[in-house]
Structure formats: structure tokens, C-alpha cells
Amino acid sequence: MAFVLSGGVRGTIQEALVEAVRKLGVEGQIPDLELGRAKVAGHGDYASSAGLKLGRVLRQDPKLIAARLAESVAVPDGAAKAEADGGYVNFRFTDDWLQRLVARIQPGYGARDIGRGERLQVEFASINPTGPLHIGHGRGTILGDSICRVLEFTGHDVQREYYVNSDNSQTRRFGASVYARLHGEEPPEGGYTGDYVTELAEMARHDLPGIDQLPEAEAEPKLRMYALGKMVDRIKASVARLNIRYDEWFWENRLWESGLPQTAIERLREAGYLKEKDGALWFGDPEDVEEEDRVVIRSNGQPTYFASDLGYLLSRFDVRGYNKVVEVWGADHHGYVPRMKSAAAALGIDPQKLVIILHQMVNLKEGKMSKRAGRFVTLDELVDRVGSDAVRYFYLLRSPDTTIEFDLELAVTQGNENPVYYAQYAHARLSNVEITATERHPRLPERADVSLLTQPWELDVARQLAFWPDVVEDATTTLEPHRIPYYVHELATAVHRFYHAGNAQSEHRVVVDDPELTRARLELCRAARHTLKTALDLIGVSAPERM
RNA sequence: GCCCCGCUAGCUCAGUGGAUAGAGCAUCUGUCUUCUAAACAGAGGGUCGGGGGUUCGAAUCCCUCGCGGGGCACCA
């Protein structure tokens with residue numbers, strides 16, 4: 001179904017420009033010509049500061065260089081015309097090419113084969129399954145899911161994984177809390193106090209006959225695994241409401257059963273990365289004195305989570321053979337990045353293949369999230385209040401680098417006025433007008449004469465469509481899906497203007513008496529609708545046919 | 001003390017070293033008997049945190065200071 005174009009028109013123009021630069025006699029490395037979207041309408045659609053960039057290399061007047069480039073550059077397919085303006089070379093789409101583009105757009109427009117089938121894993125939002133997801137967790141899940149969607153769209157073979165912690169101190173404390181509730185006691189210091197823990201204990205009493213007869217050392221691991229399993233089910237349900245799925249829920253205990261952490265430790269020992277100190281086993285790069293040593297096995301013999309992570313690296317790169325792993329972490333883990341990178345290197349894994357995306361935190365406006373202080377908003381509650389589409393759009397409109405100060409009342413208000421509806425409404429309008437057209441004109445020409453699309457607002461829609469492959473490419477290379485909702489908004493604006501032209505003057509409606517003209521405008525609607533749908537899909541937002 | 005992120009319009013935020021810094025919300029003014037007004041057209045609103053520097057050109061790169069958020073465990 002994916003309709004694969006060779007690449008965006010930006011890439012085509014870039015190549016043509018480079019070729020023109022070669023013709024001027026520039027050899028070797030060509031500086032970045034800064035080809036990008038023109039910011040002012042008078043400067044065309046794409047602009048390059050090629051003249052200024054080459055001024056020094058060629059020791060010539062930038063204006064002259066730009067003029068010569070504009071003269072000689074030949075954009076394939078007549079897609080754009082070049083003109084020099086000072087030291088800049090500006091490119092403007094030709095009407096003819098924009099019209100032809102409209103006819104070429106199919107469902108899935110913008111799909112690219114950037115990944116060439118590269119097998120990669122995206123591991124995201126692997127929260128300790130010891131409680132319900134809250135609004136902070138929403139960010140990583142939505143970001144990670146959207147990254148997967150973008151990567152899949154650009155020819156990557158993506159596996160979506162949730163790493164289920166089951167053997168760390170948090171989950172042990174969780175198991176101990178369930179054990180305490182099973183025996184009618186208060187959870188231990190630092191344990192889990194929510195009502196759901198008591199409910200889990202009661203469920204375990206029913207599902208695990210005899211569990212309350214076992215001593216804690218035997219009962220806790222059983223209760224822990226049972227309760228974690230139940231919590232994982234709840235997390236699955238919560239993320240499913242946000243249109244998120246995982247391929248694999250990978251349990252930490254599987255690592256130890258398969259002996260991978262042990263193998264990793266052995267490998268590090270042989271390579272000289274481990275040492276004993278104070279009765280514990282430490283990891284450290286003997287070459288790197290800056291990075292502090294880290295405990296792998298505690299003096300009490302219990303491994304740290306870091307030991308599991310060593311095995312987890314082997315599981316993914318060696319055993320399962322992923323060429324690249326993308327991890328999505330909250331910024332509170334950023335200090336762990338260098339350690340994971342150096343661990344990977346020590347295990348013989350290229351650290352470049354471990355890509356770690358950090359997103360900043362979501363803080364409640366009233367203060368740090370705390371169940372005890374009554375400052376806690378679950379992801380489910382947020383979805384209940386504003387709906388999945390608005391939640392996803394809300395998170396994805398922000399760059400991962402921005403801290404979110406979360407205000408539930410504001411989020412609900414913004415939910416009702418969320419810009420997501422603006423985009424969805426554009427899609428619904430297009431769908432509706434296509435239905436109206438077929439009712440009014442049961443027999444329309446099979447082929448559209450796109451040369452009839454001459455109004456500026458019609459060409460502006462086509463212009464936005466031309467930019468879509470660039471957005472896809474940029475979102476892929478930067479792993480920044482937030483670029484997509486901003487594009488969606490621009491496209492929706494062009495669509496609304498186009499539609500509204502018909503409200504102002506009826507001869508500009510899509511559906512008019514002339515079947516040829518109707519057919520041509522319908523072609524534009526179809527192209528815009530496919531593109532909106534495709535873009536919304538990539539951010540996991542629905543594209544309703546009526547609103 | 002060290003490390004990471006941020007500081008852009010009243011608010012929430014975009015902004016690959018390029019030309020005149022943008023959007024949504026809010027405020028104000030217009031536009032529906034005819035394909036969906038959840039829309040469209042327009043107006044006001046800016047020392048891009050402060051100060052240095054690099055550059056033909058800086059919101060963007062470097063240094064420095066300030067403010068806010070997050071980290072610096074035999075927690076995860």
C-alpha cells in the first residue's frame with residue numbers, strides 16, 4: 001500500500017544546485033548551501049544562500065555567483081524555477097508541476113525507503129509495573145509510539161518493546177507490599193500503599209491457592225510476578241486506549257533464566273572491565289578515569305539493575321540481532337546514558353547503535369507528583385477527560401526538550417479547544433465534499449484535468465503537499481515526531497482557505513455545475529485528504545470522515 | 001561543586017547560521033438562506049533572560065552570569 005516516491009523535491013533541488021555549483025568549477029567539498037523553506041512569500045518556496053556560501057571559496061561577488069547559479073541550475077521535471085536575489089538563489093514551484101503532483105498523490109504519500117529494511121528495536125516507556133500510569137508516563141509512550149510509526153513509514157523494520165522490570169529493588173518492594181497486605185499488615189517502609197495493592201493481594205489469595213501459608217522468602221517472588229503480571233495487563237489496557245501497541249513485553253527475569261547477564265559479566269571480566277572492591281563487583285573502563293565505577297554485583301551478592309542491563313544489551317544486539325536500538329527515557333535518567341554507552345562499547349557493541357532519546361519531565365503545576373499528597377493524575381483519567389486524540393496531540397506539540405508544567409484544568413480546557421480538531425475538521429470537510437460531489441455528479445470524468453487548478457488557494461494546498469516528504473525525512477533523521485503536528489496544522493490551514501473560498505464565492509466551490517472543474521477540484525481534495533490522513537496516522541491521531 | 005534541558009508575544013509553544021522572528025489560545029473588528037462557521041479575513045501585541053565573542057550574517061555557534069526544571073547511590 002505504501003506509495004514510494006524516490007524522495008522529496010527538496011532533495012531533487014539540492015542535487016540540481018550542487019550540480020550547478022560543480023559547473024562553476026568548484027571542486028572537492030562543497031559547503032552547506034543552506035537550502036530550506038523560504039520564510040517569506042516573496043522569496044519563493046525554497047531558498048539557498050549558495051552565493052554567500054561560495055563567495056569566499058570562489059573569491060567572487062556573492063551576487064554574481066547566485067546569478068550564475070540561478071541561470072544554470074536545471075531542476076528535473078520542471079518542478080521549480082530558480083531566481084537570484086542578492087547572494088541567494090530562490091526556487092519557486094511551477095504551477096504545472098504542482099498540478100501534476102496533485103494527480104500523483106496516493107494513499108501513503110510521503111513514504112520513503114530511508115531505512116532499507118534495517119532491523120531496529122524501539123524500547124520505550126518501560127515503567128516499573130508497580131502502579132498505574134500517570135500523566136508523566138504518557139509522554140514517553142506517545143513519543144516512543146510516534147517514533148515507531150515514523151520509522152516504519154520510512155522503511156525500517158521496527159520492533160516495539162516494553163522492558164518489564166521484575167527483579168529490581170522497586171519491584172521487590174512491590175512484592176513485599178503485596179505480601180504485607182495479604183497478611184493484613186501495612187506495607188514496609190517505602191512500599192506501595194495504594195488500594196490496588198490490597199486488591200492484588202486478595203486476587204492472589206484466590207488465584208494462588210496456599211500462597212498465604214508460605215514464608216515470605218518463598219511467597220514474595222510468586223506474589224511479585226503475579227502482581228506485576230496484573231499490572232502489566234492494566235498498562236496494556238491504558239496504552240491501548242491511546243492507540244499504542246507493543247510487539248514484545250520482555251521480562252527481566254527471562255534474562256537471568258537465559259544466563260545473559262552472567263555471560264556479559266564473564267565477557268567484561270575477561271576484557272578487564274571488572275574489579276572487586278569492598279566486597280562488591282564494579283564495572284569501570286580502565287582507559288576512562290573520568291567516568292566513575294559502577295556496582296554490578298552488590299556485596300550481599302545481589303545484582304544491580306545494571307547487571308540486568310548488561311544482559312539486556314546482549315539480548316538485543318547479539319541474540320536477537322537488532323542493528324540498532326532506540327531507547328526513549330525520561331530526563332531523570334540522563335546520568336545513566338554514559339554508563340550504558342560505555343557498557344555497550346565494553347561488550348563490543350558499537351555505542352552509535354544505541355540511540356537514547358531523552359524527553360524532559362512532566363511536572364504537575366501544584367508540585368511534584370505524589371500519591372500521598374493527593375497530587376496524582378492518571379493517564380486513564382486524562383484520556384477520560386479529553387480523549388485520546390487530544391492527549392496525543394497535546395504531548396506531541398512539544399519538543400522533547402521542553403519541560404511540561406501540567407495543569408489538569410487547563411489541559412481539559414485545551415482539550416476542548418485543542419488544535420487537533422482544526423486538523424480533523426479539515427479532513428472531515430474534505431471527506432464530506434467528496435460525498436456531496438458524487439451525489440451531485442453521479443458520472444464524473446474518470447481522469448482529472450489538473451491544469452484547471454489555477455486559483456492561488458488551490459495551488460497553495462498543492463504547495464503544502466509538496467513539502468510533506470521533507471517533513472517525513474526530517475522527522476526520521478532527527479527522531480522528532482513533533483514536527484508532524486506543526487506540518488498538519490499548516491496543511492489544514494491551506495485546506496480550510498481553499499474550502500472557504502467557496503463560501504465566499506460559490507463559483508469557487510469544489511462542487512460546481514462544470515463536471516470537469518468539479519473533477520479537478522475533487523482530485524485536489526483527494527490528494528489533501530490522503531496526506532492529512534497519512535500525517536495523522538503517523539502521530540496516532542484518527543482522521544474522522546465527519547464531525 | 002559537576003552534568004543535562006529550558007528561558008522567544010499576555011499565556012502555551014514552534015523556529016536546519018541566512019533576507020522582514022512565527023503558530024495556537026486570549027483580546028479587538030468584520031464574514032453563514034446555497035459543498036460542515038470546530039471555519040475564513042483582518043488588527044494590536046517582541047530588548048528572542050542579561051552581557052561579551054566568532055561571522056559578510058546569530059533566537060540559532062562559543063564564553064560568562066542570572067532564573068527555572070531534572071540528575072549526580074551497593075535506588076531505578
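Reckoned from all heavy atoms, side chains included, excluding hydrogens, waters and symmetry mates. Just so it is clear: chains get the letters A, B, ... in the order the sequence lines come, proteins before strands, and each one is counted from 1. All of these numbers come straight from a predicted model, not from anything done at the bench.
Under the 4.0 Å criterion applied to side-chain N and carboxylate O atoms, D278(A) and R298(A) are not assigned as salt-bridge partners. Between R526(A) and E434(A), no side-chain nitrogen of the basic residue sits less than 4.0 Å from a carboxylate oxygen of the acidic one, so the salt-bridge criterion is not met. Taking 4.0 Å as the cut-off between side-chain N and carboxylate O, R316(A) and E123(A) count as a salt-bridged pair. Taking the charged nitrogens against the carboxylate oxygens, D309(A) and R339(A) have no contact shorter than 4.0 Å, which rules out a salt bridge.
Nearer to the 5' terminus of RNA chain B, by closest-nucleotide assignment, is the contact made by V40(A) (compared with the other of H508(A) and V40(A)). Annotation: of the two residues near RNA chain B, V433(A) and H496(A), the 5′-most nearest-nucleotide partner is V433(A).
Nearest approach of V461(A) to L491(A), heavy atoms of both residues: O-CD1, 4.4 Å.
A straight line from CD of Q424(A) to C1' of A37(B) spans 18 Å, rounded to a whole angstrom. A straight line from OH of Y486(A) to C1' of A21(B) spans 15 Å, rounded to a whole angstrom. The nearest whole Å value for the distance from the CG atom in N363(A) to the C1' atom in C5(B) is 12 Å. One atom, CD of Q360(A), and another, C1' of G71(B), lie 10 Å apart when rounded to the nearest Å. Between the C1' atom of G22(B) and the NE2 atom of H489(A) lies a distance of 12 Å, rounded to the nearest Å. E480(A) has its CD atom 11 Å from the C1' atom of G15(B), to the nearest Å. Rounded to whole Å, the distance from CG on L35(A) to P on G17(B) is 14 Å. Taking atom CD of residue E417(A) and atom P of nucleotide A39(B), one finds them 10 Å apart after rounding to whole Å.
Among the protein residues, R546(A) comes within range of the nucleic acid bases, having at least one heavy atom under 4.0 Å from a base atom. Residue E473(A) is out of contact with every strand shown, counting any heavy-atom pair closer than 4.0 Å. Residue contacts shown for A38(A) are absent, as no nucleic acid heavy atom lies under 4.0 Å away. Backbone-only engagement by S399(A) is indicated by non-hydrogen atom pairs under 4.0 Å involving sugar-phosphate atoms exclusively. A501(A) comes within 4.0 angstrom of no nucleic acid atom, judged by non-hydrogen atoms across all strands. D85(A) comes within contact range of at least one nucleobase, with a heavy-atom separation under 4.0 Å.
In this structure, Q262(A) places its CD atom where more than 12 heavy-atom neighbours from other residues, nucleotides or ligands lie under 6.0 Å away. In this structure, K275(A) places its NZ atom where only 12 or fewer heavy-atom neighbours from other residues, nucleotides or ligands lie under 6.0 Å away. Taking a 6.0 Å sphere around CD of E507(A), one finds it holds more than 12 heavy atoms contributed by other residues, nucleotides or ligands.
Taking atom C1' in both C61(B) and C48(B), one finds a spacing of 16 Å when rounded to whole Å. Comparing the P positions of A41(B) and C32(B) gives a spacing of 16 Å, expressed to the nearest Å. For the C1' atoms, the distance linking G42(B) with C3(B) amounts to 49 Å, nearest Å. Distance noted for atom C1' between U29(B) and U33(B): 24 Å (whole Å). Between the P atoms of C11(B) and C62(B), the separation comes to 28 Å (whole Å).
Residues F283(A) and S342(A) meet the side-chain proximity criterion, which asks for heavy atoms closer than 4.5 Å. Side-chain atoms of C525(A) and F498(A), non-hydrogen and from C-beta on, do get closer than 4.5 Å to each other.
Among the nucleotides C35(B), U16(B), G69(B), the one closest to the side chain of T403(A) is G69(B). The listed nucleotides are G18(B), C35(B), G69(B); the one nearest the side chain of K39(A) is G18(B).
Atom-to-atom distance recorded for Y422(A):OH and H489(A):NE2 is 5.0 Å, nearest 0.5 angstrom.
For A41(B), the OP1/OP2 oxygens have a side-chain nitrogen or oxygen of R497(A) closer than 4.0 Å. For C32(B), neither phosphate oxygen OP1 nor OP2 lies less than 4.0 angstrom from any side-chain nitrogen or oxygen of Y499(A). Y425(A) has a side-chain polar atom (N or O) that falls below the 4.0 Å cut-off from OP1 or OP2 of A38(B). The phosphate of C35(B) (OP1 or OP2) has no side-chain N or O of S431(A) nearer than 4.0 angstrom. For A37(B), the OP1/OP2 oxygens have a side-chain nitrogen or oxygen of N503(A) closer than 4.0 Å. The phosphate of A38(B) has neither OP1 nor OP2 within less than 4.0 Å of any side-chain N or O from R429(A).
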So which protein nitrogen or oxygen atoms get under 3.5 Å of nucleotides 8-12 of chain B's nitrogens or oxygens?
from	atom 1	to	atom 2	distance (Å)
U12(B)	O2'	R398(A)	NH2	2.5

Could you list all N or O pairs between the protein and nucleotides 72-76 of chain B that sit under 3.5 Å apart?
from	atom 1	to	atom 2	distance (Å)
C74(B)	O3'	R298(A)	NE	3.2
C74(B)	O2	S299(A)	N	2.8
C74(B)	O2	S299(A)	OG	3.1
C74(B)	N3	S299(A)	OG	2.9
C74(B)	N4	D278(A)	O	2.8
C75(B)	OP2	R298(A)	NE	2.1
C75(B)	OP2	R298(A)	NH2	2.3
C75(B)	O3'	S169(A)	OG	2.7
C75(B)	O2'	S169(A)	OG	2.6
A76(B)	OP1	S169(A)	OG	3.3
A76(B)	OP1	R298(A)	NH2	3.2
A76(B)	O3'	N165(A)	ND2	3.4
A76(B)	O3'	N168(A)	ND2	2.5
A76(B)	O2'	N128(A)	ND2	3.3
A76(B)	N7	Y305(A)	OH	2.8
A76(B)	N6	Y305(A)	OH	3.3
A76(B)	N3	H333(A)	NE2	3.2

Sub-3.5 Å pairs of nitrogen or oxygen atoms, protein against nucleotides 55-57 of chain B:
from	atom 1	to	atom 2	distance (Å)
C56(B)	OP1	R56(A)	NH2	2.6

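Under the side-chain contact (heavy atoms from CB on, under 4.5 Å) criterion, R56(A) pairs with no residue at all, not counting sequence neighbours.
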Listed pairs under 3.5 Å, donor-acceptor, residues 396-405 of chain A side chains, sequence neighbours left out:
from	atom 1	to	atom 2	distance (Å)
R398(A)	NH1	F394(A)	O	2.9
S399(A)	OG	D401(A)	N	3.0

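The six-membered or imidazole ring of Y336(A) lies near that of Y305(A), with a centre-to-centre distance under 6.0 Å. Taking the six-membered ring where the residue is Trp, the centroids of Y162(A) and W249(A) are separated by under 6.0 Å. Not less than 6.0 angstrom separates the ring centroid of Y421(A) from the ring centroid of Y393(A).
A donor-acceptor contact under 3.5 angstrom links the side chains of S146(A) and R392(A), judged on distance only.
Residue ring and nucleobase are stacked for Y88(A) and A19(B), with a centre distance beneath 5.5 angstrom and an angle between planes beneath 30°.
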*Using Watson-Crick or G-U wobble pairs with both distances under 3.5 Å, give me RNA chain B in dot-bracket, 5' to 3', with [ ] for crossers and | for pairs to another strand.*
(((((((..((((....[...)))).(((((.......))))).....(((((..]....))))))))))))....
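For H334(A) against C5(B), no side-chain N or O and base N or O form a donor-acceptor pair under 3.5 Å.
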